[in-house]
Amino acid sequence: MGDAAAAQVSQPTHRTFGVLVTYRRPDDLDRSLDAIASQSVRFDDLVVVDNDPSERSQQIVERHRKRLGPTRSIDSPTNLGPAGGRSIGAREIFAKANDTDWIVFLDDDDPLPSSDSVERLIAAAERQRGIDPASAGVGLRGARLDRWTGRLVPVDGRGTVRVDHLHGNFLPCYAVGALRRVGTFDPRLFFGFEELDLGLRLRRAGYTLYADADLLAEVAAAMGASRERSLPDLRLGIPSIRRYYSLRNLLVVLGRERMYPQAVGWALVAGILKPMAWLVVRPSLARSHLRLNMTAIVDAIRSRLGPRTWNERAEVVER
């Protein structure tokens, strides 16, 4: 076989694209882009979606562009959250990607842990697709949805483990063809459980997802990874908009799966009974949680999705 023929045979049958969403973290963005530029392989195209466009962020992208290779910076018209930002980036990739290509979703505050992270991730994704043609993605960490309780159960073990969803801040890598068929992240969820929603839609369409436990173990220290709790947290922290999104979106996703008893259970236990149990100990804090949680529950029932704002002083959730 001649050199030209050998080179043609060795050409990869896929390309690798990246989507990075940033929001008001220019220093973190700088570190993440530096880590991406230092990778052993370049993305065939990197899309940076800025949920709060600023001149400084643009300057940071420009400073790294030469080392990054093909890179596009897209200004979001408003803060669309991680779900909306990733959706914008994925749709940009769809215009030039083939179904056999891969999209790696990155975070501005989680720099790649080693210089060969992307190369090894894509190798794992290609290897798993060779074993299971239905594989739609591989990441470092994922979880399964317990159909009895509606709880996410972290996976343990060695090797590549099948999961129901990939965690967003642990290098989730998806096949373009699968996302093109089922759709990407739901922008209406804004923040929280958008990865679970996507994973379950992929599963309903006949696809599979895998977490590479061996690769996670090797990079865990660099990424600050630790074993996740599978038990509920009984503490009552400061109420925040993140709590609202988590409860609302979990109930929405469980409803989409027709897991209505589990959704009711979460609404009652996590949304109502837990803060009520603290009424005697910390009544003001407990009432704030109850108001926030009830708003999340009502919005989930009425499918009032999208971004909201939490006014801590007024203790209301507003559009």
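For the numbers below, each heavy atom of this structure counts, side chains included, while hydrogens, waters and symmetry mates do not.
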### Query
Should D44 and R15 count as an ion pair when the cut-off is N to O under 4.0 Å?
no
### E92 side chain to A90 backbone, donor-acceptor under 3.5 Å
no
### Query
Under a 4.0 Å N-O cut-off, is there an ion pair linking E195 with R86?
yes
### Message
According to salt bridge (Lys or Arg N to Asp or Glu O under 4.0 Å), who are the partners of R24, at least two apart in sequence or on a separate chain?
### Response
D52
### Task
For residues L20 and V49, determine if any side-chain heavy atom of one lies less than 4.5 Å from a side-chain heavy atom of the other.
no
### Message
For Q128, give me all partners under side chain to side chain contact (heavy atoms under 4.5 Å, CB included), at least two apart in sequence or on another chain.
### Response
I131, D132, S135, V138, T160, Y210
#### Entry: Within 6.0 Å of CZ in R282, more than 12 heavy atoms from elsewhere
no
### Task
With the side chain counted from C-beta on, respond yes when L121 and V118 share a heavy-atom pair under 4.5 Å apart, and no when they do not.
no
### Message
For R188, give me all partners under side-chain hydrogen bond (donor to acceptor under 3.5 Å, both in side chains), at least two apart in sequence or on another chain.
### Response
D186
### Message
With side chain to side chain contact (heavy atoms under 4.5 Å, CB included) as the criterion, how do I74 and V47 come out once you've worked through the C-alpha distance, each side chain's angles and the decisive distance to 0.1 Å?
### Response
CA-CA 7 Å; I74 298 176; V47 176; 3.6 Å; yes
### Task
Can you tell me which residue pairs pass the ring pair (Phe, Tyr, Trp, His ring centres under 6.0 Å) test with a partner in residues 50-96, sequence neighbours excluded?
none
### Message
Ignoring hydrogens, what is the shortest heavy-atom contact between V280 and P283? Give both atom names and the distance.
### Response
O-CD, 4.0 Å
### Query
Any side-chain heavy atom of L46 sitting closer than 4.5 Å to one from F17?
no
### Task
May I ask you to test the H167-P172 pair for a side-chain heavy-atom distance under 4.5 Å?
no
### Message
Could you measure the distance from the CZ atom of F43 to the CD1 atom of I36? Nearest 0.5 Å is fine.
### Response
5.5 Å
### Task
Identify, with sequence neighbours excluded, every residue that meets side-chain hydrogen bond (donor to acceptor under 3.5 Å, both in side chains) alongside D197.
R201, R256
### Task
I would like to know whether S76 and I88 meet side chain to side chain contact (heavy atoms under 4.5 Å, CB included); could you show each step before the answer?
CA-CA 8 Å; S76 174; I88 288 176; 4.2 Å; yes
### Task
Grab the two heavy atoms, one from G81 and one from V21, that are nearest each other, plus how far apart they are.
O-CG1, 4.5 Å
### Query
Does S38 use its side chain to pair, donor to acceptor, with the backbone of D34 at less than 3.5 Å?
yes
### Query
Less than 4.5 Å apart, any side-chain heavy atom of L29 and any of S57?
yes
### Task
Of all the heavy-atom pairs spanning V163 and L166, show the shortest one and how long it is.
CG2-CD2, 3.8 Å
### Task
Please name the pair of heavy atoms, one in N249 and one in L189, separated by the smallest distance, quoted to 0.1 Å.
ND2-O, 2.8 Å
### Query
Who passes side chain to side chain contact (heavy atoms under 4.5 Å, CB included) against N293, sequence neighbours left out?
R243, L247, P275, H289
### Task
For the pair W278 (side chain) and R287 (backbone), establish whether a donor and an acceptor sit closer than 3.5 Å, ignoring hydrogens and angles.
no
### Task
Kindly give the heavy-atom pair with the smallest separation between L112 and A35, and that separation in Å.
N-CB, 3.9 Å
### OG1 on T184 to CG on L179, rounded to 0.5 Å
5.5 Å
### Message
My understanding is that only residues two or more places apart in sequence, or in another chain, count here; which of them pass ring pair (Phe, Tyr, Trp, His ring centres under 6.0 Å) with F193?
### Response
none
### Residue pair V48 / R72, side-chain heavy-atom distance below 4.5 Å
no
#### Entry: Backbone N/O of R91 and side chain of R180: donor-acceptor pair under 3.5 Å
no
### Message
Any salt bridge linking D50 with R56? Criterion: basic side-chain nitrogen under 4.0 Å from a carboxylate oxygen.
### Response
no
### Message
Please give me the minimum heavy-atom distance between R144 and V155, naming the atom from each residue.
### Response
NH1-CG1, 3.7 Å
### Message
Assess the residue pair D212 and R141 against the criterion (salt bridge (charged side-chain N to carboxylate O under 4.0 Å, His left out)); give the C-alpha distance rounded to whole Å, side-chain angles, the decisive distance to 0.1 Å, and a yes or no.
### Response
CA-CA 7 Å; D212 193 321; R141 172 171 279 174; over 6 Å; no
### Pairing residues for D146 by the salt bridge (Lys or Arg N to Asp or Glu O under 4.0 Å) criterion, not counting sequence neighbours
none
#### Entry: L305 side chain near V252 side chain, heavy-atom distance below 4.5 Å
yes
### Query
Is the backbone of H14 close enough, under 3.5 Å, to the side chain of W102 for a donor and an acceptor to pair up by distance?
no
### Query
Can you name the residues that form a side chain to side chain contact (heavy atoms under 4.5 Å, CB included) with R181, not counting sequence neighbours?
A205, Y207
### Query
Within the distance-only criterion (no hydrogens, no angle test), does the side chain of D164 pair as donor or acceptor with the backbone N or O of L145 below 3.5 angstrom?
yes
### Task
Would you please name every residue forming a ring pair (Phe, Tyr, Trp, His ring centres under 6.0 Å) with F105, sequence neighbours left out?
Y174, F185
### Query
Cut-off 3.5 Å, side chains only: do S114 and D116 have a donor facing an acceptor?
yes
### Task
Determine, for D28 against R31, whether the closest basic-nitrogen to carboxylate-oxygen distance falls under 4.0 angstrom.
yes
### Message
Whether the side chain of Y244 engages the backbone of R308 through a donor-acceptor N/O pair (distance < 3.5 Å, no angle test) should be reported.
### Response
no
### Query
What pairs with R63 under side chain to side chain contact (heavy atoms under 4.5 Å, CB included), at least two apart in sequence or on another chain?
D30, I60
### Task
Keeping the roles fixed (side chain from T295, backbone from R291), state whether a donor-acceptor pair exists under 3.5 Å.
yes
### Message
Is the shortest side-chain heavy-atom distance between R42 and T71 below 4.5 Å?
### Response
no
### Query
How would you list, by chain and number, every residue that makes a salt bridge (Lys or Arg N to Asp or Glu O under 4.0 Å) with D109, sequence neighbours excluded?
R25
